[in-house]
Amino acid sequence: MARHDNFDDWYQTGKISLVVVKEFCQKLRQDARFAGQPGRFYASVVAIVHRICKSWLALQARLKQKIAGQTRWLAILQSDDELTVAIQGNLSTLQLKAREILAQCSSPTSADDDPQPKKARSRKQSAQKTRQQGDSIPSMLFRLYEQTEEVLTQCAIVYLLKNGCRVPEKPEDYEKFAKRRRKVEIRLERLMMQFQNSRLPSGRDLSNQTWLNALALATTQMPENEKQATGWQASLLTEARSLPFPVDFETNEDLRWFLNEKGRLCVNFNGLSEHSFEIYCDQRDLHWFKRFLEDQQTRKASKNQHSASLFTLRSGRIAWQEGKGEGEHWNIHRLILSCTVDTDSWTQEGTEQIRQKKASECAKVIASTKVKENLSKNQEAFIKRRTTMLTLLDNPFSRPSRPLYQGQPSILAGVSYGLDKPATLAIVDIQTGKAITYRSIRQLLGENYKLLNRYRLRRQHNAHQRHKNQQKGAFNRFGESNSGEYLDRLIAHEIVAIAQKYQVSSLILPDLGDIREIVQGEVQAKAEQEIPGSIELQRRYALQYRASVHRWRHAQLSQCIGSQAAQVGISIEVVKQPFTGTPQEKAKSLVIAAYQSRK
């Protein structure tokens with residue numbers, strides 16, 4: 001893919017066509033090594049490769065956008081003294097202008113009745129227009145900064161942005177400002193390093209040839225510098241993936257469920273119908289698989305008079321899970337089935353909402369197609385299929401009844417992530433702008449808080465042992481069982497339970513795209529503050545501090561919270577978490593930012 005003539009165009013636009021991936025796959029199907037596979041395997045390859053390339057291009061585009069944003073912010077970020085020098089005035093003048101701009105951004109009234117000069121009215125109108133488009137106040141202030149050339153206005157905007165879009169009552173702490181500016185510099189340096197070291201996505205080397213090449217290179221040549229030596233060492237210590245990519249089944253009818261002669265639940269797959277697999281799962285997941293069987297049995301009993309679009313199952317994936325031992329791969333490793341479900345279709349009320357939405361969309365498509373003149377045979381067949389689907393949607397599945405969750409629109413919950421505090425919850429009333437209650441990580445876990453300390457100590461010990469074994473070239477893969485996943489479920493369960501108690505309408509989670517930069521910048525700035533003047537001691541301090549507190553998979557925690565909230569009926573929103581403030585303040589700011597983005 002990287003050697004394609006249009007790769008540079010894809011890199012600039014951040015997009016890649018599915019047709020290109022299909023062309024590559026079609027050429028490989030003629031290769032003797034890949035011929036004769038089930039058609040679903042080829043479709044899965046196209047989908048996975050397209051998703052990987054599309055995600056990588058999107059990440060690169062986002063990385064460039066982050067670099068541009070941090071560079072712009074670093075260029076305009078100034079202390080109060082520097083701002084007052086720039087305007088050739090005092091702090092009171094700066095604050096007065098800042099309050100004026102903030103009032104313009106927040107005021108819903110029209111600018112036509114404002115008696116201010118023409119130039120000021122145009123800024124106000126621009127701010128209100130941006131506000132109507134749904135931008136938050138910080139986004140609007142950045143846009144106003146670019147549109148104006150007046151020094152006083154620009155300095156007042158910077159003053160607002162660095163103080164959280166408000167005019168502070170206390171004077172600026174210069175040490176805190178210097179630390180904050182250093183955090184921005186560190187984040188920019190890390191982003192630049194990531195951009196320079198970003199690698200193209202590559203396939204899995206099932207033959208270990210990459211490792212053998214690195215070994216031959218390291219044993220026959222001398223590294224030119226420390227960076228090259230570190231790269232060789234990383235290649236030798238990285239274990240190759242011995243298992244191929246999974247196979248995706250992106251339609252729910254590609255999986256067929258049945259009971260064998262022993263009464264066990266089994267499944268087979270489209271393209272692999274000669275192979276049947278028994279289902280082994282935890283008790284808490286068994287009811288989902290039973291529902292998959294019930295849906296297909298209902299449809300079969302009615303002679304396909306029910307729509308598969310209302311199935312609880314949406315898609316499936318089979319993948320290998322690595323095992324230990326010697327012998328053939330298929331005797332050592334196990335097959336794992338992952339399923340995507342529609343939690344709304346579990347109840348009769350939720351299924352009815354889905355049915356109404358799909359029926360409305362289907363009717364609109366049919367109406368828009370019929371308007372066209374001289375329909376082709378394909379278009380007529382398309383209308384016929386959609387009409388059949390609309391008819392099938394009128395036949396409901398038998399589902400248990402449960403009232404839909406109804407939260408109060410003015411009550412929102414925000415969850416902030418941090419270093420030593422993995423999650424902090426804030427319940428906020430938007431109408432008053434005040435927090436109803438907070439929950440720290442200790443309060444969320446309660447009696448299970450001791451498990452968190454035990455989990456952290458175990459991870460520290462394993463990390464230390466892994467480092468020692470890596471130096472010796474010995475076994476260095478140590479796990480923590482499922483303790484982290486168990487803790488995530490406990491935290492998510494308590495967060496959702498508290499949200500239900502206060503009738504929260506929506507849960508706001510942080511955007512994890514910036515979590516690494518936020519954490520690294522905070523750790524590095526703390527190291528420089530604790531040990532000034534010594535880069536090596538700062539590096540050791542930062543390493544030790546990260547090892548002691550920052551060993552948490554926030555993406556997995558977000559997934560657990562989202563999964564449990566979806567089963568209850570609480571919606572999830574994602575916004576950027578602020579860099580500064582206490583965990584409680586960050587959680588509250590998430591709620592306010594989410595509410596402002598709705599406008």
Side-chain angles (χ1 to χ4, degrees), residues 1-29 42-77 126 129-130 133-136 138-149 161 183-205 210 227-228 231 234-235 238 241 245 248 250 510-521 555 558 574-577 579 593 597:
M1 301 291 290
R3 293 190 294 268
H4 196 276
D5 295 338
N6 296 331
F7 180 79
D8 291 337
D9 296 336
W10 304 336
Y11 190 80
Q12 294 297 328
T13 60
K15 299 179 181 179
I16 183 173
S17 173
L18 183 64
V19 177
V20 177
V21 183
K22 287 183 178 179
E23 291 176 354
F24 275 104
C25 184
Q26 190 63 33
K27 294 177 182 178
L28 290 174
R29 292 181 67 169
Y42 298 123
S44 176
V45 167
V46 172
I48 290 177
V49 173
H50 180 254
R51 190 179 304 119
I52 290 174
C53 294
K54 185 179 178 181
S55 300
W56 184 83
L57 292 170
L59 287 174
Q60 290 300 108
R62 183 176 182 181
L63 190 57
K64 290 189 288 186
Q65 185 179 8
K66 286 182 182 179
I67 292 174
Q70 290 295 321
T71 303
R72 179 181 60 171
W73 177 233
L74 188 60
I76 66 176
L77 182 60
S126 176
K129 182 179 180 181
T130 307
Q133 292 172 350
D135 287 350
S136 62
S139 300
M140 186 172 9
L141 290 175
F142 272 115
R143 183 172 300 180
L144 289 175
Y145 182 90
E146 295 175 351
Q147 292 175 351
T148 184
E149 296 180 358
L161 287 171
K183 286 183 181 180
V184 179
E185 293 174 351
I186 294 171
R187 282 196 296 269
L188 182 58
E189 291 171 1
R190 283 180 52 80
L191 290 171
M192 293 295 294
M193 187 65 68
Q194 289 180 23
F195 185 74
Q196 294 172 3
N197 298 334
S198 59
R199 297 178 297 174
L200 294 168
S202 59
R204 295 181 177 177
D205 182 19
T210 303
K227 182 178 180 181
Q228 190 177 45
S235 299
T238 301
R241 302 295 295 270
F245 281 95
D248 286 349
E250 297 191 342
D511 183 359
L512 296 179
D514 301 325
I515 191 69
R516 182 170 296 178
E517 286 73 28
I518 293 172
V519 168
Q520 180 63 23
S558 293
V574 177
V575 298
K576 288 187 177 182
Q577 179 174 307
F579 296 154
S597 65

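Looking only at side-chain heavy atoms (C-beta outward), Ser235 and Thr210 stay at 4.5 Å or farther from each other. Using a 4.5 Å heavy-atom threshold, the side chains of Arg51 and Asp248 count as touching. For the pair Val20/Trp10, a side-chain contact is recorded, criterion being any heavy-atom separation below 4.5 Å from C-beta on.
Taken from CD1 in Ile186 to CD in Gln70, the straight-line distance is 11.5 Å, to the nearest 0.5 Å. Taken from CG in Leu57 to CG in Leu200, the straight-line distance is 9.0 Å, to the nearest 0.5 Å. Put simply, OG1 on Thr13 and CG on Asp8 are 10.5 Å apart, with the number rounded to the nearest 0.5 Å. Atom-to-atom distance recorded for Met192:CE and Gln196:CD is 5.5 Å, nearest 0.5 angstrom. Put simply, CZ on Arg190 and NZ on Lys66 are 10.5 Å apart, with the number rounded to the nearest 0.5 Å. We find the CZ-CG distance between Arg72 and Leu188 to be 13.0 Å, quoted to the nearest 0.5 Å.
Nearest heavy atoms, Ile52 versus Pro201: CG2-CB, 3.7 Å. Between Tyr42 and Cys25, the shortest heavy-atom distance links the atoms O-SG, 4.0 Å. Taking every heavy atom of both residues into account, Ser198 and Gln60 meet most closely at OG-NE2, 3.2 Å.
Salt-bridge annotation for Asp511 and Arg62: present, with a side-chain N of the basic residue lying under 4.0 Å from a carboxylate O of the acidic one.
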Practice item. Go through the steps for Lys64 and Tyr11 under the test side-chain contact (heavy atoms from CB on, under 4.5 Å), then give the verdict. Key: CA-CA 11 Å; Lys64 290 189 288 186; Tyr11 190 80; 3.9 Å; yes

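Between Phe142 and Trp73, the angle of the ring planes goes over 60°, which puts this pair in the perpendicular group of the 30/60° scheme.
No more than 12 heavy atoms of other residues, nucleotides or ligands lie within 6.0 Å of CD in Gln65, so this atom counts as exposed by the packing criterion.
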